[in-house]
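One structure is given below, encoded as structure tokens.
All of these numbers come straight from a predicted model, not from anything done at the bench. Start at 1 and go down the list; that is how both ligands and their atoms are numbered.
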Amino acid sequence: MQPLVELRDISHVYVTDQEASLAIEEVNLNVRQGEFLSLVGPSGCGKTTLLSIIAGLIRPAAGEVLLNGHKVAGPTSQVGYMLQQDYLLPWRTILENAVLGLELTGRLDEPAKARTRSMLDGMNLAGAYDLYPSQLSGGMRQRVALVRTLAMDPDLLLLDEPFSALDYQTKLQLEDLVADILRSRGKTAVLVTHDLQEAAAISDRVIVLGRNPGRIRRVFEIPEHIREAQPFYAREQEGFTELFHEIWRELEAVGGKE
Ligand code: ADP
Ligand code: MG
């Protein structure tokens, strides 16, 4: 089957007044339809750059990205991008925020609105339609941001550290929720995280990147019994601790955790 995403020989150079620096070098990677992939690596190894290239927001200096076999030339509604910061608009209610993407792309009809409402309900936000973002906790706000992204029904979700500003318990709950939703809808996701446990617990594959320049150092295929457990329970599966340590050691070898 054709991969959903194909990265072919991607390199990227940032040019500033002072210098040109090679941020990413010759990254080749395929993401299967329905796969959950995590990218881990030291700070500055090019994770965000890579997501922005996949999203069509940055044009790589070399190489190409294919989405469903078509070359990515700019942002499309097939790709949803979610960041650590939720970017909810403070003057809009939760429901108005959740439908923002649909509204901006001229797709806000009654059925789309009803689907968005039922997604909010499914994330325990039914009572929050008419509240404003400032009235919500961090975890609730991230759930709204997630609904806003999913309401567009993208084939691919790009998640750049979406859980890292949350407290531990909220983060664990959201991991399970996201894994559940994506799996039941057959969505494909690429997650950037600096939490190796999270990466190992939620993913089908974990890609370790090294820096200067950013390149793929190692690919971990997560064993089936760990993949099939919900992230929370994946952490208790046999072999999980060993896997975590192995990813940890790889990351130390490429230049530390941060
Ligand atoms: P990560 O997300 O893994 O921390 P980034 O993709 O943000 O890494 O950055 C990769 C490298 O590119 C870093 O060395 C960073 O300083 C550099 N970089 C990122 N964005 C820019 C930019 N807009 N201009 C110049 N250099 C940049
Ligand atoms: Mg980053």
Practice prompt. For the pair K47 and E161, find out whether any cationic side-chain nitrogen is under 4.0 Å from an anionic carboxylate oxygen.
Written response: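 The answer is no: the pair does not qualify as a salt bridge.
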
Worksheet entry | the Mg ion (ligand 2) neighbourhood, protein N/O/S only, threshold under 2.8 Å |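 Sorted hits: T48 OG1.
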
Worksheet item: Which of the listed options, P42, S52, G44, holds the heavy atom that is closest to atom 1 (P) of ligand 1?
Response: G44

Worksheet item: Who gets closest to atom 6 (O) of ligand 1 by heavy atom: T49, L39, V40, D160?
Response: T49

Between [X] and [Y] (side chain of the first, backbone of the second, donor and acceptor by atom type, cut-off under 3.5 Å), is there such a pair?
| X | Y | value |
| --- | --- | --- |
| N28 | D9 | yes |
| S203 | V206 | no |
| H12 | T49 | no |

Nearest protein heavy atom to [atom], by residue and atom, and its distance?
| atom | result |
| --- | --- |
| atom 7 (O) of ligand 1 | T48 CB, 3.9 Å |
| atom 8 (O) of ligand 1 | G46 N, 3.1 Å |
| atom 24 (N) of ligand 1 | Y14 CD2, 3.5 Å |

Worksheet item: Using a heavy-atom cut-off of under 4.0 Å, does the side chain or the backbone of A23 touch ligand 1, or both, or neither?
Response: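 Side chain only.
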
Discussion item. Assess the residue pair R218 and E246 against the criterion (salt bridge (Lys or Arg N to Asp or Glu O under 4.0 Å)); give the C-alpha distance rounded to whole Å, side-chain angles, the decisive distance to 0.1 Å, and a yes or no.
Written reply: CA-CA 11 Å; R218 190 147 166 213; E246 210 182 328; 2.5 Å; yes

Worksheet entry | Note, P162 side chain near Q142 side chain (heavy atom, < 4.5 Å) |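 Yes, close enough: below the 4.5 Å cut-off.
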
Fill in: Side-chain heavy-atom pair L156, K187 within 4.5 angstrom cut-off
no

Worksheet item: Are Y132 and M123 linked, directly or through other ILVMFWY residues, by side chains that come within less than 4.5 angstrom of each other?
Response: no

Item to complete: Would you verify that at least one protein heavy atom lies under 4.0 Å from atom 27 (C) of ligand 1, or report that none does?
Response: yes

Practice prompt. Could you tell me whether atom 16 (O) of ligand 1 has at least one protein heavy atom nearer than 4.0 Å?
Written response: no

Fill in: Trace of the salt bridge (Lys or Arg N to Asp or Glu O under 4.0 Å) decision for R211 with E25
CA-CA 10 Å; R211 81 181 136 193; E25 188 174 52; over 6 Å; no

Practice prompt. Could you tell me whether S21 and ligand 1 have an N or O pair separated by under 3.5 Å?
Written response: no

Worksheet item: Does ligand 1 have an atom that lies less than 4.0 angstrom from a heavy atom of G41?
Response: no

Item to complete: Would you mind listing which atoms of ligand 1 come within a distance below 4.0 Å of any non-hydrogen atom of S43?
Response: 4 (O)

Worksheet item: Where do L4 and L67 land on the side-chain contact (heavy atoms from CB on, under 4.5 Å) test, with the steps shown first?
Response: CA-CA 6 Å; L4 181 69; L67 186 64; 4.2 Å; yes

Worksheet, complete the sentence: Rounded to the nearest 0.5 Å, the CG atom of L243 sits from the CD atom of Q197 at a distance of 10.5 Å

